[in-house]
Amino acid sequence: MHQRHLPASPNWYCSRCSDLNKKGVLGFGAKNTIYLVKVTAASPAVTGELTGHTERVSGFAFCSHDGQEHICASTSDDKTVKIWDAEQKVLLKEHNVHQSTISAVHWSPLQKLLLVTGDEKGIVVCYWFSSNDTQSFFPEPRTIFCISCSPHEENYIAVGYKDGMIVVIDISKKGEVVHRLRGHDDEIHALAWSPQPREEPLYGRSEDNTDGGNGVTEGAEIGCYLASGSRDQTVRIWSTARGKGVMTLKLPFLKRRGTGVDPTVKERLWLTVHWPKGRPSQIVSSCFGGEIIMWDLMKSGKQKWSLLGSSSDGQNHSRIVFNMSSFCSGERELLLSTSMDREIKCWDLASLECCWTLPTLGGFVYCLSFSPVGTGCLALGVGDSMIRVWSTLSIQNQYDIKTFWQGIKSKVTALAWHPLKEGSLAFGTDDGKVGIYEVYSNKPPQISSTYHRRTVYSLSWGAPVPPMSFGGSGDKPSYSLYSCAGEGVIFQHDPWKLSGEASNIDKLIRDTNNIKHKIPPHTDLSWKPDGSVLAIGNEDGSIEVLKAPTLKLLCTVQQHHKIINSLRWHHEHSSQNELQYLLASGSSNATVYVWDVLKEEPVCNYRGHSGRLLCVQWSTVHPDLVWTGGDDFTLHEWAVSKQEHVTPPKKKGGMKVEERELPLGDEIKGAAGSGAEEGQSDNDEEGEERANTDAPSVTGWSRESSVDTRGTERVQNGEKFSHAVKRERKPRSILPLSTSMDHRPKEELQQDCLTLAAVRYSHGQSETCVPGSGDHIQLGLFTDRDALYRMFQEEEESHVEAGHYDSVLYLRLWKGDLIGAINLAVEKGELTDHLVSLAPMAGYQVWARTVEAYAKQLCHHEQFLKAASHLVSIHKPYEAISLLKSHQFFREAIALAKARLQPEDPVLKDLYMSWAAVLEKDGHYATAAKCYLAADSSFDAAKVTAKKGDVISLRTAANLAQISGESELAHSLSLRCAKDLMLSQDWAAAQEVLRTQDSLLGHRLVFSVNEILTQRLADTDVATWSVASSHTWSKPCEENFLSTVHSVWQSEFGVAAADLVKVKTLHQQLRAIENPPATTSVPMKQLLFHISLDVTLCALSQLLCDWPSVLEELLRALTRGSEAGHFTLMTEMCQLLKLDPTDERSLVISQSVEAFVCYQLMYKKWWNYSAVTSTLTNNAISNGHCLTEKNHSEVEANCNGEAQSDVIFSECFWNFLLSEPHANLQATQRAISEIQGRVTSLIQQHSQCKDSHVSPQALITSQSETSEEHEGSLSGKSTESLSTLTALVAEHHKALSAIPELVRKYPFPDVMECCIVLLHMEKHFTLFPQHICSKATTLLCKYGTETLGKAWKRLTQ
């Protein structure tokens, strides 16, 4: 049993993936396994695992009933629910009722052995463990995020959804929804019921209290509080008695403690909540960056929370927290939390301090390294892109682990501690990065500027070599860092300057040893502890030993035949000094080799492993022991002295002696005595013969023979000579049995000749010899075909036994047994492209079966695309498409279907719809929409595009629906998008969206009124928010509010009283919109929108002259502010919609109205006078008499009498009409209009002349010349006139700007016209006040034009 255990990390983004029972056992899901941990206040201990799920565990929960604490349940992405016995660690029951991914789980605290689960499709399943019964409910068609069973009402279950909705259902009433709790607008991450059954009063902040009270809830009610945590950064407390929220707690923004988080890692917020059983007035929640806070619901004031672990740095989690659970350990209440930082923490809820931390691992442990300086300091390189440094000898904390992640973006595959500098740790990663961490500081790591192209497999500190070793003793490091990676290159990094470029040591090796051929890729390196020698393992199985610092090649060991995975020198701590020259190597050929480099001879060969050797390590306790591990899932400890083998089996290897003079330095002399002298020879030929015969021949793993000639040096008596050594690599023989028979003693080979002669000349087989089989298998090559086939058969059996199926296939092909070769390859899964290409030689049916079998083989190796291509080659496109679809290669499947099938084939549409469903589930809405469009399902395309809910998506969805003819959907989506833009005060964009739909003209009117109203209220306390965009016509102005609305409608939307049918249609459309009564809980922006709808209806009714409706809608708009409790809003609306006669503007408007009344009365009386005069005249003419002076006097008397009795001839009457400011304004406007008319006339004349000039074919030559002369004269005149007229216009505009704005703004009767009528009437009525007539004359002279003067004279003569 292990003493200490680091488990896998708890799974992320699950609402309940860990739980704690009453006995203090913590269970949590990690990948597809459940880990069990015994928890105490002092320390944790991993007690076991529950395995059985095939995919990620998504939920875990313990049963809370007394006596059933060992029963637990888990859910998984494999859509199964499993019930376990945590004590016996066995599976009890399971069910797979869910058809979708399970996202929530909880045991009922009241109903015995009731387990409730929910999935992403919204299905809630109740499972009674004792009776094995299930019942399913579907309360809402939404994605379930979390579930919590009530601890006080056994049939109540709270369900939290992805869109922020919370429902409480009653399972005794077939899942009837008891409450729908709305308030959150994003994912519900956790639900927690209060441990107290009654709703005691809570103290809430005034801004959270929607009832308008003093912030204290009323007395205790029957029901239970429910807490919810959401991604919208709030924790809400709900009353199930009243069915609404009673408190909202917004997360505080806390300053990040400690080292912070990686800024490149973007993690979304996860807000989990937990309600401890012994604390009914306190809840615990997570926060933004890993902090945990406790909320006191009875505490007044703004800060209702306390931070856990605030006493010192390093106590809090550094990433977001996912799950929390608590239990009582004696008198202490402990809280357990899991986090994205891969740590499990235990908290004391009384002191709010962290008791202990259990680190977990989020990936494979790729490397381990104990520090040679810091005793017991173990570094772990893990596949979760983190380094963990474990102080294994810590007494106070047995899991004293520091985690390092900054600067690391992939798996940590190699580690190496600095031999002398404490805390300096080098690391290599899967993406080829090399860096150095100082683990006792908070500084980020130094990263080498030179990256490997592949995974870093090995790191080693060693002596500097050129060019780094060229520096002086004061400016060069004592150690360099060497890294070896998958591309076969070894870099030397300067630890003092990692930003500089690293050097490739291959260049130094080439230059030093004068190597011209290609150097094999390197796979590992190991420095001798004293730094004098470097051993390098290569991909071809060779090991090179080089002397520092020049890296002179001392020798090459060629004992392995496959890639070298690990090299280790014997440590220097042994009392036997000669052991330090032992080099152990592990290779992929399943053997470990130990070589004595000093004596240049093999020591032993260990053959105990059945798979590749991955690691080799000398024991630090016993000098003769070696530890080895491989991919055969075993770890071996063995002694070098007890191995019976020295060389690998059936392979020849050797060592080339490159230098005989004391190759390892002066220390070898003392260590080896005369041993080195004995290895030398006085005869050059003897030395050469020994190098070629005594040492085993060099062999390789390559099947192609090659020769490697190196220039080497040997030393004898101080003199050097050169020789060449050839190295051949022989491929494996395809006829190994018969070939081995040719390596027997000479006598047996000669006997074979006699036997062969006897067989051939006896014309058959002898009784004692059967050529090609048994002991005479080698003779099958020299007799007839039958003997050859017998030899082939035995060779095939040998190859099959050895697993060399490729050789068997070649032998059968050579015999012509193509079908047999194919059948064997199919049976053993050894089909190749070559065999498939040969299959047609055996017939179409054989070829088709072979391709099908090869496709299955490729699928087994996950080469699905290649498998589909082969199925297409035998005219099975449907099977190929089905294969790609079943393995989620939808894009490739669609490409193949469109290329090979008819466009109307239903398979193509099914592919699009299936891919769209998968994409929609994964959140790739844009691509899913394209699939729906391709499948002619435009409605679904628009719906899925709008699913994200943001403005851009809604606008795109609306346009998509409009283009595809889904007008109703386009209508609703455009309106939804516009409302979102309205809430963000982006008025221009909102109108742009509504403009795309003709059916939304009425809503455009409402939005325009809302915009104008918001702009008018911008300077008040009502609309305090900023506006993102607006129109120029909505800017505040002095014009009446309703007048502004009407003018904007007419100019921008084409809505005016002239088109009564259109106005009536819009009025009916808007009247159909539900406009609910105002309440105190309605937000201000929404309230203004409701008022705008009332004002819009009022304005439309005004255009329809429906005055009762005008007053009704106007009254409703004015009273909404009062109903909502916003009296300021009500006051402002009264000022906007009702004229105040005390201000100047209202007086001016009133004067204009009175002037128009007087104007129409003036004409009425004038016309009456003209009618009387005309009647008298006509009567006189009809009687045959002329109108005498007497008759005229009678008419004048009649008119004078009528005039004298009428008020229109009073002084006040004419003062309204004869307004000099308005006369000045009108005169200026007439002057400007006259000048503009003249300018227009000049431009038209110029254009006509120009047109006649450019079309000479339609005119006679003389006429054309005349036109040209006339154009020239006009052009000169117009140029002079235009400049003069422009100056006049400027002067008049300047005079116009000097007139008061209120005079210019509102309409007024023509003053000159009134003056002329007055003077005309004065000629016939002599009782007008003289000063009024003088005023009229003065105004005519001052402001009248020549045309008006003529009219005056005509009327007054």
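Computed from a prediction, not measured in an experiment: that's the story for all the values here. Only this structure's heavy atoms are used, side chains among them; waters, hydrogens and symmetry mates stay out. Counting begins at 1 with the first residue of the sequence.
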What closest approach, in Å, do [X] and [Y] show between heavy atoms, and which atom pair accounts for it?
| X | Y | value |
| --- | --- | --- |
| Tyr399 | His5 | OH-N, 3.2 Å |
| Leu380 | Leu415 | C-CD1, 3.4 Å |
| Leu459 | Ala414 | CD1-O, 3.6 Å |
| Pro549 | Pro464 | CB-O, 3.8 Å |
| Val373 | Glu422 | CG1-CB, 3.8 Å |
| Thr403 | Arg388 | OG1-CG, 4.1 Å |

Minimum side-chain heavy-atom gap [X]-[Y] below 4.5 Å:
| X | Y | result |
| --- | --- | --- |
| Leu567 | Leu525 | no |
| Ser448 | Lys433 | no |
| Thr338 | Val321 | no |
| Leu498 | Ile447 | no |
| Leu508 | Thr550 | no |
| His517 | Ile515 | yes |
| Gln580 | Lys528 | yes |
| Phe404 | Gln406 | no |

Would you compute the distance between atom [atom1] of [X] and atom [atom2] of [Y] and round it to the nearest 0.5 angstrom?
| X | Y | atom1 | atom2 | answer |
| --- | --- | --- | --- | --- |
| Ser480 | Asp494 | OG | CG | 6.5 Å |
| Leu534 | Ser526 | CG | OG | 8.0 Å |
| Ser391 | Ile401 | OG | CD1 | 9.0 Å |
| Arg342 | Ser318 | CZ | OG | 11.0 Å |
| Ile436 | Trp496 | CD1 | CH2 | 12.0 Å |
| His522 | Ile543 | NE2 | CD1 | 13.5 Å |

Other residues, nucleotides and ligands only: do more than 12 of their heavy atoms fall within 6.0 Å of [atom1] on [X]?
| X | atom1 | answer |
| --- | --- | --- |
| Tyr440 | OH | yes |
| Lys411 | NZ | no |
| Gln888 | CD | yes |
| Lys497 | NZ | no |
| Lys866 | NZ | yes |
| Glu862 | CD | no |

Less than 3.5 Å apart, any donor N or O on the side chain of [X] or [Y] sitting next to an acceptor on the other?
| X | Y | value |
| --- | --- | --- |
| Asn565 | Thr523 | no |
| Ser503 | Gln492 | yes |
| Asp524 | Ser458 | yes |
| Trp638 | Thr628 | yes |
| Thr512 | Lys552 | no |

**Request:** Decide yes or no on side chain to side chain contact (heavy atoms under 4.5 Å, CB included) for Glu892 and Leu865, but give the supporting numbers first.
**Result:** CA-CA 8 Å; Glu892 292 77 6; Leu865 296 177; 3.5 Å; yes

**Message:** Ring centres under 6.0 Å, that's the criterion: do Trp618 and His571 meet it?
**Reply:**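 Centroid distance Trp618-His571: not below 6.0 Å, so no.
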
**Asked** Is the gap between the ring centers of Phe491 and His452 under 6.0 Å?
**Response**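 Ring-ring flag for Phe491/His452: true, centres closer than 6.0 Å.
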
In terms of relative ring orientation, are [X] and [Y] parallel, tilted or perpendicular, with 30° and 60° separating the classes?
| X | Y | answer |
| --- | --- | --- |
| His560 | Tyr593 | perpendicular |
| Tyr437 | Phe427 | tilted |
| Phe322 | Tyr13 | perpendicular |

Closer than 3.5 angstrom, by distance alone: can the side chain of [X] be matched with the main-chain N or O of [Y] as a donor-acceptor pair?
| X | Y | answer |
| --- | --- | --- |
| Ser394 | Asn397 | yes |
| Asp430 | Ser410 | no |
| Glu487 | Arg454 | yes |
| Glu544 | Ile536 | no |
| Ser369 | Ala379 | no |
| Ser566 | Cys615 | no |
| Trp627 | His636 | no |
| Thr455 | Tyr457 | no |
| Ser619 | Leu625 | no |
| Lys562 | Asp540 | no |

**Request:** Show your working on side chain to side chain contact (heavy atoms under 4.5 Å, CB included) between Val389 and Cys377 and close with a plain yes or no.
**Result:** CA-CA 7 Å; Val389 177; Cys377 192; 3.4 Å; yes

**Message:** Looking at Asp431 and Lys409, is there a salt bridge between them, counting it only when a charged N and a carboxylate O are closer than 4.0 Å?
**Reply:**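 Salt bridge flag = no for Asp431 with Lys409.
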
**Charged N-O contact under 4.0 Å between Glu438 and Lys421** =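 Yes.
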
**Item:** CA sep, side-chain torsions, deciding dist, call: Leu546, Val533, side chain to side chain contact (heavy atoms under 4.5 Å, CB included)
**Value:** CA-CA 6 Å; Leu546 306 106; Val533 177; over 6 Å; no

**Message:** Tell me which one of Tyr479, Tyr482, Trp569 satisfies ring-ring contact (aromatic ring centres under 6.0 Å, His included) with Trp527.
**Reply:**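 Only one option passes, and that is Tyr482.
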
**Criterion salt bridge (Lys or Arg N to Asp or Glu O under 4.0 Å) on Arg510 and Asp506, from CA distance to verdict** = CA-CA 6 Å; Arg510 286 179 179 275; Asp506 281 354; over 6 Å; no

**Prompt:** side chain to side chain contact (heavy atoms under 4.5 Å, CB included) between His493 and Val434: does it pass, once the steps are laid out?
**Reply:** CA-CA 9 Å; His493 307 266; Val434 176; 4.0 Å; yes

**Request:** Go through the steps to decide whether Asn589 and His561 satisfy the test side chain to side chain donor-acceptor pair (under 3.5 Å), and finish with yes or no.
**Result:** CA-CA 7 Å; Asn589 64 355; His561 311 288; 5.0 Å; no

